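Structure record follows, encoded as structure tokens.
Sequence positions, counted from 1, serve as the residue numbers for this chain. Since the structure is predicted, the reported quantities are computational estimates derived from the model, not experimental observations. When reading the values below, keep in mind they use all heavy atoms of this one structure, side chains included, and skip hydrogens, waters and symmetry mates. Counting starts at 1 for both ligands and their atoms, following the listed order.
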Amino acid sequence: VKQATPQALSFLDEALAQARVEGLLRVRQAPPPPGRLCLCSNDYLGLADRLAPAEMTGAGSSRLVAGDRAVHRELEAAAADLVSQPAALVFTSGYAANVGLLSCLAGPQDLIVSDALNHASIIDGARLSRAHVRVVPHLDVEATARALADPPPGRAFVVTESYFSMDADSPDLAALRRVCDAHGAALLVDEAHALGVLGPGGRGLCAQAGVLADAVVGTFGKAFGAGGAFVAGCESLIAWLWNRARSFVFSTGVSPMVAAAALDGLRRAAGEPGRREAVLSRATRLRAGLAARGLRVLGHGPIIPWVVGEPRRAVRFAEALVVRGVDVRAIRPPSVPAGTARLRLTVTAALTEADVDHAIAAVGAALAESAGWPGA
Ligand SMILES: Cc1ncc(COP(=O)(O)O)c(C=O)c1O
């Protein structure tokens with residue numbers, strides 16, 4: 001049974017019906033069955049089924065030409081289920097997912113309201129759409145409402161991440177949903193850094209807030225350990241992406257091998273909850289240990305940003321940690337605003353409690369050493 005299209009995306013049904021009437025609706029295309037000559041693949045050297053370790057290494061072409069495989073659909077069903085949306089579409093990366101989604105949903109008459117710290121792929125997708133873009137201060141729901149109050153003539157979209165990877169903070173998704181509903185705007189949420197780790201069963205922060213977004217972006221290259229990404233939403237949205245998301249239509253399908261790895265990652269994340277519990281408890285331990293040493297650590301969850309200010313200082317701290325056996329990377333402008341260079345400590349389930357304690361001690365020692373640095 002086809003699920004209802006959210007009101008804010010109902011324009012897609014009309015456009016899809018029109019494409020169907022014109023014979024322009026795109027559908028998935030499997031490779032030729034055995035016994036049929038394949039003259040429809042870009043697998044020029046015939047390597048796609050031969051590379052170690054797995055069979056089915058390459059999709060051979062776009063999924064609209066001949067690259068669609070059962071594993072893609074299995075992965076899409078699992079991704080949709082993860083975020084409790086009716087359907088999903090797999091992209092080769094989160095970058096491609098955001099660019100494809102935004103550039104084919106919004107047009108020059110429309111408005112995209114975007115959080116100031118949204119990821120580059122969201123910014124680029126918004127630019128490609130040629131919509132009016134209003135950038136609102138980070139996490140500012142009231143500014144979002146104001147931006148929607150006086151829109152251009154077209155449709156409106158609000159786009160945010162659910163867990164910002166540079167600041168480890170999160171928007172009030174329930175409040176954003178209310179604001180979107182009040183203004184007939186669609187809510188698009190990138191859960192790249194949340195899925196697999198945050199929210200009930202690792203199902204993300206929309207699930208935690210009890211919010212149904214109009215589109216959810218997730219990646220398989222972060223918590224799920226593989227690569228590729230997806231957009232999930234109503235069936236009309238997914239049909240629209242099949243037809244219009246240029247980063248999907250004009251791109252070779254995700255390698256079936258990567259898709260199989262991603263599916264395995266999703267299943268293991270769900271079936272081995274101890275991993276999620278471990279990462280969250282280690283993160284809590286690290287936060288507490290750093291705070292006890294007087295550090296102002298930001299946010300929540302597995303990412304722990306420690307803002308030190310100047311880029312040289314961030315690099316110096318990173319070096320001081322490396323010599324103590326702790327590898328933390330310095331994040332500098334333009335990845336973060338000028339004057340907010342930081343060390344981003346990212347906790348994984350692979351760390352033991354002893355590892356965390358070692359890291360806390362190393363930070364403490366680096367801090368003590370920094371008192372003697374020039375300009376300290
Ligand atoms: C919020 C967000 N969205 C999308 C992406 C892109 O995902 P991918 O690495 O799969 O291209 C990233 C990071 O890489 C991200 O942080």
Side-chain angles (χ1 to χ4, degrees), residues 72 75-76 79 82-83 88-105 112-129 135-136 138-139 157-171 173 176 187-199 202 204-206 213 215-233 241 245-248 251-255 257-259 261-263 265-266 269 298-305 329 331-332 334-337 342 344-348:
H72 291 134
L75 180 58
E76 284 164 354
L82 176 74
V83 293
L89 185 67
V90 169
F91 286 73
T92 48
S93 70
Y95 186 90
N98 275 326
V99 164
L101 173 68
L102 286 159
S103 64
C104 80
L105 262 191
I112 295 175
V113 181
S114 180
D115 186 286
L117 296 190
N118 274 340
H119 188 258
S121 53
I122 297 175
I123 296 170
D124 293 356
R127 283 183 184 151
L128 265 181
S129 76
V135 176
V136 289
H138 186 46
L139 308 183
F157 303 87
V158 171
V159 57
T160 184
E161 297 181 31
S162 67
Y163 182 51
F164 285 85
S165 67
M166 296 300 166
D167 292 68
D169 54 7
S170 298
L173 290 167
L176 283 180
L187 177 62
L188 318 178
V189 181
D190 182 340
E191 294 246 46
H193 287 275
L195 290 177
V197 183
L198 299 176
L205 294 175
C206 286
V216 173
V217 172
T219 63
F220 302 120
K222 302 188 190 296
F224 302 113
F230 68 90
V231 178
L241 296 172
R246 292 167 69 86
S247 58
F248 173 81
S251 189
T252 298
V254 170
S255 153
M257 196 175 72
V258 172
L263 191 56
L266 276 185
L298 303 176
H300 68 108
I303 300 168
I304 305 180
R329 302 296 161 100
I331 311 283
R332 290 166 285 173
S335 300
V336 291
R342 64 200 68 186
R344 188 169 54 159
L345 292 85
T346 309
V347 180
T348 75

Residues at least two apart in sequence or cross-chain that pass side-chain contact (heavy atoms from CB on, under 4.5 Å) with S165, listed by chain then number, are H193, I303, R344
Would you say Y163's side chain and H300's backbone share a donor-acceptor pair under 3.5 angstrom? yes
What are the distances between nitrogen or oxygen atoms of ligand 1 and protein nitrogen or oxygen atoms, counting only those under 3.5 Å?
unit_1   : atom_1 : unit_2 : atom_2 : d
ligand 1 : 3 (N)  : D190   : OD2    : 2.6
ligand 1 : 10 (O) : G94    : N      : 2.7
ligand 1 : 11 (O) : G94    : N      : 3.1
ligand 1 : 11 (O) : Y95    : N      : 2.9
ligand 1 : 14 (O) : K222   : NZ     : 2.8
ligand 1 : 16 (O) : H193   : NE2    : 2.7

Considering all heavy atoms, the nearest F164-P171 contact: CE1-CD, 4.0 Å
Is a side-chain N or O of E161 found less than 3.5 angstrom from the main chain of A192, in a donor-acceptor match? no
Under the side-chain hydrogen bond (donor to acceptor under 3.5 Å, both in side chains) rule, collect the residues that match up with S162, sequence neighbours excluded. E191
Among residues at least two apart in sequence or on other chains, which ones pass side-chain hydrogen bond (donor to acceptor under 3.5 Å, both in side chains) with S114? N118
